[in-house]
There are 2 protein chains.
Amino acid sequence: MQGRNISDIIEAYLKQILAESERIEIKRSEIAELFNCVPSQINYVIKTRFTIQRGYLVQSKRGGGGYIRIEKVKLLDDRDMLDTMIQLIGEQINQRDALALVQKLYDDQVIERKEANLVLAATSHETLAVADRNLEEQLRAHILIGILNHLRYERE
Amino acid sequence: MQGRNISDIIEAYLKQILAESERIEIKRSEIAELFNCVPSQINYVIKTRFTIQRGYLVQSKRGGGGYIRIEKVKLLDDRDMLDTMIQLIGEQINQRDALALVQKLYDDQVIERKEANLVLAATSHETLAVADRNLEEQLRAHILIGILNHLRYERE
DNA sequence: TTAACTTTGACTAATATTGACTATTATTAT
DNA sequence: ATAATAATAGTCAATATTAGTCAAAGTTAA
């Protein structure tokens, strides 16, 4: 895992800082310059090594005073189930299966009733019927996966 | 929300004052001078950060003794607020405005933190970036409106 | 040898800053 | 009163300052 390549070195550098503080805020161009690489390599490092699956939350802002912020988050115990669910959803999912999935989340007390209803509202046929059936099911899949990924970690 | 650029700093300054009083009246040139920027930057800050979606009402007057007044508004009772918000969303909405809207829902205690995060997950760019930008914003609008309509009867 | 991973850079997108020009209102001079 | 002037704020487009995307090219490991 050591300095085999620049990406690994940058990863180590960032993680070393993250070992001491919960979050860091970098300026992409500065880090790029520091490691003598192109700025987009920073995006590559983040995309491959600071994923939510590994417990990192990344936010950024462009323009003057822009930044990339990496935050270490506490992953919850349900993540194996979440992984399974995400796999199960795949590329698309119909409303009936979505309902079953949300029901299971509720039964397992990952979400509460009110939250479950929110998710159902967001993924209902009525809400998503903007295009053809295929696109609708794809969208439902995307939204559910986005939600499941958010359920991975604890927030303050 | 911190001070990486002048606009953020000005925003924070104004909000700090607004945290204590319901309204604030400023003289554009004075604020500009205080933060060492051109006067029109104040307009930029107001336009991007003190929108009605975020719960601010802005009024101004030119000429001698002119001012800009920023007022924190309550969107009346919940039912009216939901209607108002649905109107504000319209046919499409970008992620930034959606964030502001959800923030407002949270601030007004219509939804709780975890629910707010779920909504944000469901409407994030990452989740909805399946087609072109226009469709993405339309979808975001649909989902948000679906959720708001759901909140009408969920709350009681 | 090939499949996965890394590096690079051209192009795109988002956000912020600036200033010239315009519009409105108040005050002063006639 | 009216006209000129001063004192505000508003608009808009050009420019600046960031970060993101994507695919081609290069490298490495199985």
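In this text the structure is predicted, and so the values were computed from the model without any measurement. Values below: all heavy atoms of this structure, side chains included; hydrogens, waters and symmetry mates excluded.
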In numerical order, the residues of residues 56-72 of chain B whose heavy atoms come under 4.0 Å of DNA chain C are Lys61(B), Arg62(B), Gly63(B), Gly64(B)
Whichever of Arg28(B) and Glu30(A) has the more 5' nearest nucleotide on DNA chain D, that residue is Arg28(B)
Sorted by position of nearest nucleotide on DNA chain D, 5' first, the leading residue of Lys47(B) and Ile26(B) is Ile26(B)
For this session: For the pair Arg28(B) and Asn43(B), evaluate side-chain contact (heavy atoms from CB on, under 4.5 Å) and give the outcome as yes or no after the intermediate values.
Result: CA-CA 8 Å; Arg28(B) 190 178 74 153; Asn43(B) 297 89; 2.6 Å; yes
The single option from Ile46(B), Val45(B), Val38(B) that satisfies side chain to side chain contact (heavy atoms under 4.5 Å, CB included) with Ile42(B) is Ile46(B)
*Would you please confirm or rule out a distance under 4.0 Å between OP1 or OP2 of dA14(C) and any side-chain N or O of Arg133(B)?*
yes
Under the 3.5 Å rule, do the base of dG19(C) and the side chain of Ser40(B) count as making a donor-acceptor pair? yes
Open item on the list: Side-chain heavy atoms nearer than 4.5 Å, only ILVMFWY residues, links allowed to pass through others: does that put Tyr13(B) and Tyr44(B) together?
Closed with: no
Closest heavy-atom pair, Gln41(B) versus Ser7(B), reported as atoms and distance to 0.1 Å, is NE2-OG, 2.9 Å
Nearest heavy-atom approach of Ala141(A) to Gln92(A) is CB-CA, 3.6 Å
Which side-chain N or O atoms in residues 18-26 of chain B pair as donor and acceptor under 3.5 Å with protein atoms at least two apart or in another chain?
residue: Ser21(B); atom: OG; partner: Ile17(B); partner atom: O; Å: 3.4
residue: Ser21(B); atom: OG; partner: Arg23(B); partner atom: O; Å: 3.3
residue: Glu25(B); atom: OE2; partner: Arg69(B); partner atom: NH1; Å: 3.1

Check Asp78(A) with Arg152(A), please: is the shortest side-chain N to carboxylate O separation under 4.0 Å?
no
Close N/O contacts between protein and nucleotides 4-7 of chain C (under 3.5 Å):
residue: dT6(C); atom: OP1; partner: Arg49(A); partner atom: NH2; Å: 2.8
residue: dT6(C); atom: OP2; partner: Tyr44(A); partner atom: OH; Å: 2.3
residue: dT6(C); atom: O5'; partner: Tyr44(A); partner atom: OH; Å: 3.1
residue: dT7(C); atom: OP1; partner: Ile6(A); partner atom: N; Å: 3.0
residue: dT7(C); atom: OP2; partner: Ser7(A); partner atom: N; Å: 3.1
residue: dT7(C); atom: OP2; partner: Ser7(A); partner atom: OG; Å: 2.5
residue: dT7(C); atom: OP2; partner: Gln41(A); partner atom: NE2; Å: 2.2
residue: dT7(C); atom: O5'; partner: Gln41(A); partner atom: NE2; Å: 3.2

**Report entry** Whether Arg79(A) side chain and Leu76(A) backbone form a donor-acceptor pair below 3.5 Å
**Finding:** yes
The answer to which of Cys37(B) and Asn36(A) contacts DNA chain C further toward the 5' end, by nearest nucleotide, is Asn36(A)
